[in-house]
Amino acid sequence: MEDRYPFADVEQKWQERWEQQGLYTVEDFDGRPKYYCLEMFPYPSGRLHMGHVRNYAIGDVVARYKTMQGFAVLHPMGWDAFGLPAENAAIKHGIHPRDWTWENIAFMRRQLQQLGASYDWRREIATCHPGYYRWTQWLFLQFFHHGLAYKKKAPVNWCPSCATVLANEQVVGGACERCKTPVTRRELEQWFLKITAYSQRLLEDLAKLPGWPEKVKVMQENWIGRSEGALVHFPVPGHDEGISVFTTRPDTLYGVTYMVLAPEHPLVEKLTAPEQKDAVAEFIARARDLSELSRTAAEAEKSGLFIGAYCENPLTGERVPIFIADYVLMEYGTGAVMGVPAHDQRDFEFARKYGLPIRVVIQPRDRELEPETMTGAYVDEGILVNSGPFNGMDNLAAIRAITAYLEERGWGEYQVNYRLRDWLISRQRYWGAPIPIVYCDRCGTVPVPEKDLPVVLPYDVAFKPTGQSPLKDCPEFVNVACPRCGAPACRETDTMDTFICSSWYYFRYTSPREENGPWDRAKVDRWLPVDQYIGGVEHAILHLLYSRFFTKFLYDIGLVGCEEPFTNLLTQGMVLKDGAKMSKSKGNIVSPEEIMAKYGADTTRLFILFAAPPERDLEWSDQGVEGCARFLNRVWRLVNGLLPELGEEAAPGENLVGVNRELRRLTHQTIKKVTEDIERFQFNTAVSAIMELVNGVYQFCDRVPPVDRDPGAVREAVEALVVLLAPFAPHIGEELWWRLGHQESVHRQAWPKYNPALLVQERVTVVVQINGKVRGRVMVPASATPEEMQEEALREPRIRQLLAGKTMVKVVAVPGRLVNVVVK
RNA sequence: GCCGGAGUGGCGGAAAGGCAGACGCACGGGACUUAAAAUCCCGGGGGAGCUCGCUCCCGUGUGGGUUCAAAUCCCACCUCCGGCACCA
């Protein structure tokens, strides 16, 4: 008999058969309730890494489990196929991005099939396919027609190494997310999507997502960064235009002793006094040269410069000196900040450095602040002083009162401000979806008509990171007749940020080959929203926020019926080796190919699911993998060894007692545990429970001679084992299922149900505690009442001995668990 | 600085207020074998006592609290990880 599971043969055999049978194809309308299980699609970088394996192993368990529960499960896979690495490969290795990408896709698709993942490959999509990006372009035009795609000249984050613009989201700590080069600033004409129009809804609707991890919701909340306050207008004597500032603390308005503008603020040039012009110009030049990194670097000294001009505090008519300082950001608020040194730490430091007055306008209730002796700003609550008509008012009340006062006089208004900025989508790159816009001298900016989509990427293009799109050097692409007037015109040569492509792919899976629109509405309504989305936490902000934005927009224009795309979200942890993320530079990469070649897909999957709960980081262990291989061999031997005595289908005997009854109890207990654990995504403990079942059946066989075994009870245990294991280790599950005499895939079986009556034990051991410490245990009938348990516990000689001479204060008895005797 | 999350044996981890350490890895002992591998069985939190069966004490980052009972709940603190960060 084979004593080793021949994984290579078994895996290949079943993968071929599953494909022939179309085991994983799902029809759109088949009467079953739907379940949409989605894993984040990969960038086709070349080959799978362990993070992918983890992601797709988790998704596969969920998809198989839900299928066995009777759902029609949509479980698709595709490729986030546009992006920079393809172009870098072109530059480095002289291979065309398109060819490179399609080769990678072919290789990685093969790897996913080898993993045994249950995808409906008929629904495969790739964002770089014209049949897909045609609709990416079409969706861009919908944004355009609704005024949510616009072009403006803007200071942008520029990566000198990648020679491209980066979205704010792609700048991490002042450096390029991809290559870590410090980001600099440039002024360019760029396309934007107006995500800020959805700030409030993106924030509010987080409350409608109870199935998302708190962590992710908080990260999005911080990213959107809502703050409430007032917009206050400070007139500048001698000028028509005043300075507007946003403040969250209008209650401190009487404490303003200076004003600061961002160096880029348009008013700086107009307001600067003649004698300060040179100094200001020098200051601005220095600020511009500083990269974003050093400018925002930690607690850098705040430097500023008086521009020789004054504005007026609208509440007091007081003269307020105007500074420029690089700590004020043009991108946030109005690019101007009022300085209240007494009640803002940053302003306090700035005022001390430049000798500006500090005026206390909020006094704490328990002491008196003196500007001369203060060592820091007072930012807590208190009572207003030095604040004209508002003296004596509680500062929280004063926020509202002063805002109302400003509004009455037209000096300001209540305002909500967001940190979120519009989404810059232009990329000066080749390998992306072309922005479907034509520039005509006569007609201006003209959208490409829908009938002319897709705007196809030309194949013959030179790849040089020049800072402008390689498409600029491609006359066949650039030169086009204006769609409106027919005159010679030029195409937009920038391509779209790849995050656009991945913001709507989950809709496309429902109708992947649809030609009359981005999707078939009935199919989107059938499948969406995604019931379970699974992927890395690194997408907590970017991808997930953009996808939510797209969905809300599409809902508003009537193209989809849901406002949130992903009902439940599981963010998996990283795969670590020696405590660190696997990376080339650390040389700690474990390749899935090698592991799968050595141990097979089932062992690889099993280990990765068993080693840690899915949300936590997972420490790779070669010995742990070895242990999982050993376990599958153990299952293999157990089931094959029992085959001869199992015979035909047989129901477990009625009213079994003793060991056979105990075996049935173990079987049903395991079904219960595994079901509950999968429901809450505790795959590691689900696998443990299956291991315990295997250990239990081995022990049963060891202790009970064949004549005493109930064949039905044994068959029940073995079949439960195989069926419960199947979502985790689909190949060995299938093979053993057929060996057990079945003629239909294990993956089409109904998920087993446990019988509660069989879980009940006649007698249970309960712990007896004295003052909370375990001092003994007694056997009682499972149905024993607290009183009976107490009686039984107090009859126990050892307990009586320990209680001798003590006064019993009270006794707590928890049925089936314990008796606790409290004594003095 | 602000916001999250986590700290449990040699290791990965388990315990949804009720026997801390399931399951697995590593380790030790035994069986099988000429031998090894594979496999199977048994044993492991720390300390102390002893009639060798068991008994007692201490143990879930630290200190306090709630409770008959706390890894779990509350308060304070320490450490590590993640996110945001001159946000006005």
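Letters A, B, ... mirror the listed sequences (proteins, then strands); counts begin at 1.
- A straight line from CG of A:Asp617 to P of B:G5 spans 16 Å, rounded to a whole angstrom.
- Heavy atoms of A:Gly225 sit nowhere under 4.0 angstrom from any nucleic acid atom.
- Across B:C80 and B:U8, the matching C1' atoms stand 15 Å from one another, rounded to whole Å.
- Using C1' as the reference atom, B:C57 and B:U66 are 25 Å apart when rounded to the nearest Å.
- No engagement by A:Asn633 is indicated, since no non-hydrogen atom pair under 4.0 Å with the nucleic acid exists.
- Contact check on A:Glu662 versus A:Arg665 returns a salt bridge, with a Lys/Arg side-chain nitrogen under 4.0 Å from an Asp/Glu carboxylate oxygen.
- Regarding contacts with the backbone of B:C25, a side-chain N or O of A:Arg630 is found under 4.0 angstrom from either OP1 or OP2.
- By the 30° and 60° cut-offs, the orientation of the rings of A:Trp636 relative to A:Tyr5 is tilted.
- Among the protein residues, A:Glu221 comes within range of no part of the nucleic acid, since none of its heavy atoms lies under 4.0 Å from any strand.
- Rounded to the nearest Å, the gap between the C1' atom of B:C78 and that of B:G61 is 7 Å.
- The side chain of A:Val337 lies closest to B:A88 when the candidates are B:A88, B:C3, B:C86.
- B:C77 and B:G43 have their P atoms separated by 46 Å, with the value rounded to a whole Å.
- Atom CD of A:Gln220 is separated from atom C1' of B:G4 by 14 Å (rounded to the nearest Å).
- The same atom, C1', is picked in B:U67 and in B:U72; the two are 13 Å apart, to the nearest Å.
- Between B:C87 and B:A6, the distance separating the two C1' atoms is 29 Å to the nearest Å.
- Note on A:Phe610: a base of the nucleic acid sits closer than 4.0 angstrom, heavy atoms only.
- Of the listed nucleotides (B:A88, B:A38, B:G82), B:G82 has the atom at the smallest distance from the side chain of A:Lys215.
- Residues A:Gln220 and A:Arg548 bring a donor and an acceptor atom of their side chains to less than 3.5 Å of each other.
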What do the steps show when you test A:Arg775 against A:Val768 for side-chain contact (heavy atoms from CB on, under 4.5 Å), and what is the final call? CA-CA 6 Å; A:Arg775 285 294 181 263; A:Val768 183; 5.7 Å; no
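- Scanning both residues, A:Asp347 and A:Val340, for their nearest heavy atoms gives OD2-N, 2.9 Å.
- A:Gln623 has its CD atom 10 Å from the P atom of B:C25, to the nearest Å.
- At the heavy-atom level, A:Arg634 lies under 4.0 Å from the strands shown only through sugar-phosphate atoms.
- Here B:C87 is the nucleotide among B:G18, B:C19, B:C87 with the atom lying nearest to any side-chain atom of A:Tyr332.
- With RNA chain B read from its 5' end, the first of the two nearest nucleotides for A:Gly627 and A:Tyr698 is the one closest to A:Gly627.
- At least one side-chain heavy atom of A:Pro266 sits under 4.5 Å from a side-chain heavy atom of A:Met330.
- Across all strands shown, A:Val822 has heavy atoms under 4.0 Å from sugar-phosphate atoms exclusively, and none from any base.
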Apply side-chain contact (heavy atoms from CB on, under 4.5 Å) to residues A:Val822 and A:Val811 and explain how you reach the verdict. CA-CA 6 Å; A:Val822 186; A:Val811 180; over 6 Å; no
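- Remark: A:Lys217 pairs with no residue by the side-chain hydrogen bond (donor to acceptor under 3.5 Å, both in side chains) rule, at least two apart or across chains.
- Checked by atom type and distance alone, the side chain of A:Glu788 pairs as donor or acceptor with a backbone atom of A:Thr785 at under 3.5 Å.
- The separation of B:G45 from B:C27, taken at their C1' atoms, amounts to 15 Å, rounded to a whole angstrom.
- Although no hydrogens or angles enter the test, the distance criterion places a donor-acceptor pair under 3.5 Å between the side chain of A:Asn55 and the main chain of A:Ile534.
- Between the side chains of A:Arg634 and A:Asn695, at least one donor-acceptor pair of N or O atoms lies under 3.5 Å.
- A side-chain donor from one of A:Thr685 and A:Asp677 sits under 3.5 Å from a side-chain acceptor of the other.
- By the rule that a glycosidic angle within 90° of 0 means syn, B:G44 counts as syn.
- Of the candidates B:C87, B:A14, B:A69, the closest approach to any side-chain atom of A:Arg616 belongs to B:A14.
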For each nucleotide in nucleotides 48-61 of chain B, reading 5' to 3', give B when a protein heavy atom comes within less than 4.0 Å of its base, S when such contact involves only the sugar-phosphate, and - otherwise. -------SSSS---
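- Within residues 244-252 of chain A, the residues that have a heavy atom under 4.0 Å from RNA chain B are, in order of number, A:Phe246, A:Thr247, A:Thr248.
- In this structure, CD1 in A:Ile402 is found 6.5 Å from CG in A:Leu315, a value given to the nearest 0.5 Å.
- Here B:C84 is the nucleotide among B:C84, B:C42, B:G18 with the atom lying nearest to any side-chain atom of A:Ile541.
- Using a 4.0 Å heavy-atom distance criterion, A:Asn695 is classed as a sugar-phosphate-only contact.
- No hydrogens or angles considered: a donor-acceptor pair under 3.5 Å links the side chains of A:Ser244 and A:His233.
- Applying salt bridge (Lys or Arg N to Asp or Glu O under 4.0 Å) to A:Glu676 and the options A:Lys673, A:Arg680, A:Lys672 leaves one that passes, A:Lys672.
- Listed pair A:Asn684 / B:A14 meets the phosphate criterion, a side-chain N or O lying under 4.0 Å from OP1 or OP2.
- Between A:Met330 atom CE and B:A88 atom P the separation is 16 Å, expressed in whole Å.
- Residue A:Asn222 places no side-chain atom within donor-acceptor reach of the base of B:C84, judged by atom type and a 3.5 Å distance cut-off alone.
- For the residue pair A:Asn588 / A:Asp578, no side-chain donor-acceptor distance below 3.5 Å is found, with atom types taken as modelled.
- Ring orientation note: the planes of A:Tyr354 and A:Phe350 are tilted relative to one another, at an angle of 30° to 60°.
- Of the two residues contacting RNA chain B, namely A:Glu692 and A:Leu618, the nearest-nucleotide position lying further toward the 5' end is that of A:Leu618.
- On the C1' atoms, B:A85 is 14 Å away from B:G4, given to the nearest whole Å.
- Every residue two or more places apart in sequence or in another chain that forms a side-chain hydrogen bond (donor to acceptor under 3.5 Å, both in side chains) with A:His668 is listed here: A:Glu716.
- For RNA chain B, the stems formed by at least three consecutive Watson-Crick or G-U pairs, with both atom-pair distances below 3.5 Å, span B:1-7 with B:78-84, B:10-12 with B:23-25, B:27-31 with B:39-43, B:45-49 with B:54-58, B:61-65 with B:73-77.
- The side chain of A:Arg419 places an N or O atom within less than 4.0 Å of a non-bridging phosphate oxygen (OP1 or OP2) of B:A85.
- As rounded to whole Å, 9 Å separates atom P of B:C87 from atom OH of A:Tyr327.
- For A:Arg346, the side-chain atoms get nearest to B:C87 when compared with the rest of B:A22, B:G13, B:C87.
- A donor N or O paired with an acceptor N or O is found under 3.5 Å between the base of B:A16 and the side-chain atoms of A:Arg680.
- RNA chain B lies under 4.0 Å from at least one heavy atom of each of the following residues of residues 808-819 of chain A: A:Lys810, A:Val812, A:Val814, A:Arg817, A:Leu818.
- Checking the phosphate oxygens (OP1, OP2) of B:A38, no side-chain nitrogen or oxygen of A:Arg637 falls inside 4.0 Å.
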